[in-house]
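In each ligand, atom 1 is the first atom listed, and ligand 1 is the first ligand listed. Any value given below was found using the heavy atoms of this structure, including those in side chains, with hydrogens, waters and symmetry copies removed.
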Amino acid sequence: MGKKKWREIDAVITDKFGLDDEALAATLTANREADLPSIDVSPPQGRLLELLVRLSGARRVLEFGTLGGYSTIWLARGLPAGGSVVSLEFVPLHAEVARKNLARAGLGDRVDVRVGRALDLLPPLEAEAGAPFDFVFLDADKGNNSVYVDWAVRLGRRGTAIVIDNVIYDGLVDREGASVPADGKTLLDRLGADPRLSTTAIQTVGSKGHDGFVLAVVN
Ligand code: SAH
Ligand code: DHB
Ligand code: MG
């Protein structure tokens with residue numbers, strides 16, 4: 001059973017559970033028209049994010065890597081009234097497209113898209129001393145994920161959930177972006193040795209190929 005079958009089954013799941021609608025479809029169209037890469041989460045993965053946000057009871061969500069805001073829409077839909085998302089995006093065009101997509105989806109007032117390198121945006125975010133983030137989604141530059149996990153713990157609280165996209169690349173375990181860290185330790189090595197977290201990784205197949213995500217909770 002190969003990639004074609006995985007894609008077909010994702011389409012069936014998307015259909016059966018109503019995982020596409022006008023706002024989501026318009027977002028993917030706008031992204032394509034603006035030449036953004038098609039690397040958004042899939043509809044079933046998006047619904048999983050929505051459900052995880054709901055299950056965790058999160059009111060404040062932090063996202064690394066907005067792109068066109070497709071995953072952001074799903075995250076925001078999992079929030080209760082009064083909840084909010086801060087989403088960090090390096091490329092101004094991506095943020096601009098995302099803001100329009102989020103406004104069209106009726107979520108403009110609950111999502112704050114901030115433009116810059118995540119590492120530059122985090123200290124000012126911390127200085128605002130807002131409520132802790134209850135849920136963090138890492139989906140930006142993969143090589144910084146270990147540092148982003150430290151920030152997620154710092155800006156979170158006991159019980160904060162951390163989801164990391166794309167931890168399995170085409171069936172390869174432990175490839176942390178293009179560069180191998182100097183000490184040879186990959187993201188999964190670090191997470192496995194991190195007493196601050198209870199962690200697992202789940203492999204996935206679907207329209208995005210063979211991939212996987214990490215789910216961790218702060219102890
Ligand atoms: N979460 C999106 C996909 C994100 S793609 C979705 O599923 O719909 C990864 C995004 O991270 C890209 O838009 C890229 O520009 C952004 N990015 C890359 N490096 C970054 C950095 N250092 N800080 C913030 N965003 C970054
Ligand atoms: C790819 C997929 C992603 O979900 C992502 O965040 C970055 C890249 C990819 O398939 O290349
Ligand atoms: Mg991703």
At under 4.0 Å between heavy atoms, what of Asn166 touches ligand 2? The answer is side chain

Can a donor-acceptor pair be found, under 3.5 Å and without considering hydrogens, that links the side chain of Arg60 to the backbone of Ala131? yes

Backbone N/O of Thr186 and side chain of Asp189: donor-acceptor pair under 3.5 Å: yes

Taking [X] first and then [Y], would you say they form a salt bridge - that is, a charged N and a carboxylate O separated by under 4.0 Å?
X	Y	result
Asp112	Arg99	no
Arg196	Asp150	yes
Asp139	Lys142	yes

Contact residues of ligand 1 (heavy atom under 4.0 Å), by chain and number: Ile39, Asp40, Val41, Glu63, Gly65, Thr66, Leu67, Tyr70, Ser71, Leu88, Glu89, Phe90, Val91, His94, Gly116, Arg117, Ala118, Asp139, Ala140, Asp141, Tyr148

Do any of the N/O/S atoms of Asn166, backbone or side chain, fall under 2.8 Å from the Mg ion (ligand 3)? yes

Quick check on Lys208 - does any of its heavy atoms sit under 4.0 Å from an atom of ligand 2? no

More than 12 heavy atoms of other groups within 6.0 Å of Glu128 CD: yes

More than 12 heavy atoms of other residues, nucleotides or ligands under 6.0 Å from CZ of Arg117: yes or no? no

Using a distance-only test with no angle check, is there a side-chain donor-acceptor pair under 3.5 angstrom linking Thr160 and Asp134? no

Just which atoms of ligand 2 are under 4.0 Å from any heavy atom in Asp165? 4 (O)

If you check every N/O/S atom of Asp139, which is the one nearest the Mg ion (ligand 3)? OD1

Checking distances from the Mg ion (ligand 3), one finds that the N, O or S atom of Asp165 closest to it is OD2

Name the closest protein heavy atom to atom 1 (C) of ligand 2, giving the residue it belongs to and the distance to 0.1 Å. Ile39 CG2, 3.5 Å

I would like to know whether Glu126 and Arg154 meet salt bridge (Lys or Arg N to Asp or Glu O under 4.0 Å); could you show each step before the answer? CA-CA 9 Å; Glu126 183 178 36; Arg154 199 149 142 194; 3.0 Å; yes

